Enquirer: 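My questions will all concern the structure given below.
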Amino acid sequence: MAKQGLEVKFKFYDELLTQCVSQRALREGQWVHAHMIKTHYEPPVYLRTRLIVLYVKCECLSDARYVFDEMPERNVVSWTAMISGYARMGHSSEALNLFVQMIRSGAEPNEFTFATVLTCCTGAFGFCLGWQIHSLLVKHPFESHVFVGSSLLDMYAKAGRIQEARDIFEALPEKDVVSCTAIISGYAQQGLDEKALELFRRLRMEGMNFNYVTYVGILTALSGLAALEHGRQVHSHVLRLKLPFYVVLQNSLIDMYSKCGNLAYSRRIFDNMSERTIISWNAMLVGYSRHGLGKEVVELFELLKAEITTRPNSVTLLAVLSGCSHGGMEHRGLKIFDEMLNEEDGVELGIEHYACVVDLLGRSGQVERALQFINQMPFKPNAAIWGSLLGACRFHQNTNVGKIAGNSLLDIEPENAGNYVVLANLYASAGKWEELRRVRELMKEKAVVKVPGKSWIEVEQTLHTFHASDNSHPRKEEIFQKVRELSARIKGAGYVPDMGCVLHDVDEEQKEKMLLGHSEKLALAFGLIAEPQGKPIRVIKNLRICVDCHNFAKFVSQVYKREVSLRDKARFHRIVGGKCSCGDYW
DNA sequence: CTAGGGTTAG
């Protein structure tokens, strides 16, 4: 009789808690919980599990953990709910810890557990564990489960093992939006933008229905490619879908237009947003910064500071400082840094922010002060810091400090060929031939060309890619012919090839030939052939633009009266009438 | 009862 009464009571609690869970009613749930404690009966496992689920969904992790720890025995659901609680709050190591405990306790994880725990396996350590979890998985029939499979392939993709991710994807017996999005975004996040685009098109042809997360992924790929025409097409497609308002998607669109060179579109989207996150602001600020629009950066930053609901974060400050630097507003940037340094609850300053200050000081010609600043800052200088100082020394022709910066840089990154080029440029322009010879030898000895330079241009929604001295393009003869024609004509206007940009030991004639083969020039020449009169030429390069190619483009813009927009790894160079928006400092 | 994919910076 008493036992039956208890069961009825528990059934009643169960119904109450189920309602609380579905309505995320934390207060009511807590009340039920308190009532249960007061009755002094031992609640069964399923009731305790419900409580954990409720607390996890309401993000009360400590309450959930309390109930979990008090359980006399645990079922898979309580383990999984608890792990998922840590996972969704971003506490990956706690989630992984709990999973290990679960295995040790002899509990059998199910497909829910695996799908959850694999999302925590990022980073080097996480991947180590994830790899072991994968081998554990093979014993269960879960590997080809869509949820587990997409979580698993995402883990491999984020670890940079994209081929393994692809294999898991292909092996899935059923593919859905999420697994497709995971692999497409995986390619995009690894910078394999063309692969992402190719797969996206194939899956779409096969009839897959994508959602807004997939579009975010594909926009990332299009941003990387700076494929403006493609991007506009995806945008109009997204509009036709009449999706509800998703901030993340809008943020992606802002970034895509800015990386494709169309800031006006970015701003229009930004202005029309009904709600913005800090990422929306950052994307817009970075856009202005990338285009060298210092004034716009500072104006927008002032608007942001007037907002009460959105606080700047470390990325914001990075965008603002580098915006001041790219926009030639050194004093303003230094002032903002000092303000942040003194602000009580300001953003936390990292070494990247200090690198921006080195850049600001260097640009304004205060190379010695920059060196002093480096020696006093609370971080051990890294390659970015020395690289920035070296760049400043090259621009301001300071060989003394340049030597210090260059040698420190070569100590840290002896394999990076680009570093030798900048140092050699400095020595060459200062006439230090002995030092120049030494740098060349060092480079031959130690440098490894990790990322080959390439440039591309989008013409009528097709991307044309060029490597140095590339002769794979079907219209290569025409292109080489055009480059020679350009060179001859701009020489008449004063262009002198910058042989300092060639570090190979070859004769002068050979050097000039190598310079003319640079991928930027090939893409530029092709643009002039293939694009209609008057249309700006938009060239994209995967690395920093070379000094000679920059100069070459300036002369072409002047002699041919053509706007040239060049996006390199760091920023845009908008070149009109022989002048570049970067002010020749980059 | 418990589950997977997403945006800025470097």
Side-chain angles (χ1 to χ4, degrees), chain A residues 14 17-18 20-22 45-54 56-57 64 74-85 87-88 109-120 142 145-155 157-158 165 169 172 175-186 188-189 210-220 223 246-256 258-259 266 276-287 289-290 312-323 347 350-353 355-356 382-384 569-570:
Chain A
D14 190 33
L17 282 178
T18 309
C20 293
V21 169
S22 68
V45 175
Y46 71 88
L47 273 186
R48 297 174 193 256
T49 310
R50 280 230 197 280
L51 277 172
I52 294 173
V53 171
L54 172 76
V56 163
K57 292 217 161 135
R74 295 169 187 135
N75 57 4
V76 211
V77 180
S78 59
W79 281 105
T80 308
M82 200 62 233
I83 292 171
S84 130
R88 78 168 76 186
N110 64 11
E111 64 272 36
F112 288 78
T113 326
F114 282 116
T116 308
V117 78
L118 286 169
T119 63
C120 304
F142 300 142
H145 187 282
V146 227
F147 280 58
V148 180
S150 25
S151 197
L152 188 66
L153 79 86
D154 187 55
M155 176 191 80
K158 289 203 166 79
F169 175 75
L172 282 177
K175 301 163 179 67
D176 65 359
V177 212
V178 178
S179 46
C180 291
T181 306
I183 186 69
I184 291 171
S185 306
Q189 283 159 2
F210 296 130
N211 63 17
Y212 86 98
V213 185
T214 327
Y215 288 106
V216 169
I218 208 63
L219 284 170
T220 305
S223 304
Y246 293 112
V247 193
V248 176
L249 183 57
Q250 307 286 320
N251 293 347
S252 286
L253 284 167
I254 292 176
D255 185 55
M256 182 274 291
S258 126
K259 284 190 177 143
S266 295
R276 305 183 185 97
T277 61
I278 187 61
I279 295 183
S280 326
W281 290 87
N282 291 349
M284 200 64 235
L285 286 166
V286 169
S289 164
R290 208 181 272 129
N313 63 15
S314 69
V315 178
T316 318
L317 186 60
L318 222 52
V320 173
L321 293 178
S322 71
V347 303
I351 190 162
E352 303 91 341
H353 300 102
C356 285
N382 60 13
K569 200 172 185 265

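The shown structure was predicted, so the numbers you read here are calculated from the model rather than taken from an experiment. The chains referred to below are lettered A, B, ... by the order of the sequence lines, with proteins before strands, and numbering in each begins at 1.
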Enquirer: Heavy atoms under 4.0 Å, any strand shown: does Lys57(A) hit a base, just sugar-phosphate, or nothing?
Expert: sugar-phosphate
Enquirer: Flag the pair Arg50(A) / Thr18(A) as yes when at least one side-chain heavy-atom distance between them is below 4.5 Å, and no otherwise.
Expert: yes
Enquirer: Short question: side chain of Ser151(A), backbone of Val148(A) - any donor-acceptor pair under 3.5 Å?
Expert: no
Enquirer: Relative to the ring of Tyr246(A), is the ring of Tyr212(A) parallel (under 30°), tilted (30 to 60°) or perpendicular (over 60°)?
Expert: parallel
Enquirer: Rounded to the nearest angstrom, tell me the gap between atom NE2 in His145(A) and atom P in dT2(B).
Expert: 14 Å
Enquirer: With a non-hydrogen cut-off below 4.0 angstrom, is Arg88(A) in contact with a base, only sugar-phosphate, or nothing?
Expert: sugar-phosphate
Enquirer: At under 4.0 Å between heavy atoms, which parts of nucleotides 4-10 of chain B does protein reach? Answer with one letter per nucleotide, 5' to 3': B base, S sugar-phosphate only, - none.
Expert: BBBBBB-
Enquirer: What residues from residues 76-84 of chain A pass a heavy-atom cutoff of under 4.0 Å to DNA chain B?
Expert: Val77(A), Thr80(A), Ser84(A)
Enquirer: What is the minimum heavy-atom distance between Ser280(A) and Ile254(A), and which atoms define it?
Expert: O-CD1, 4.3 Å
Enquirer: Between His353(A) (side chain only) and Leu317(A) (backbone N and O only), is there a donor and an acceptor less than 3.5 Å apart?
Expert: no
Enquirer: So which atom in Leu285(A) and which in Thr316(A) form the shortest heavy-atom distance, rounded to 0.1 Å?
Expert: CD1-CG2, 3.6 Å
Enquirer: Give the minimum heavy-atom separation between Ala81(A) and Val56(A), together with the two atoms involved.
Expert: O-CG2, 3.5 Å
Enquirer: Find the distance between CE (Met82(A)) and CD1 (Ile52(A)) and round it off to the nearest 0.5 Å.
Expert: 7.0 Å
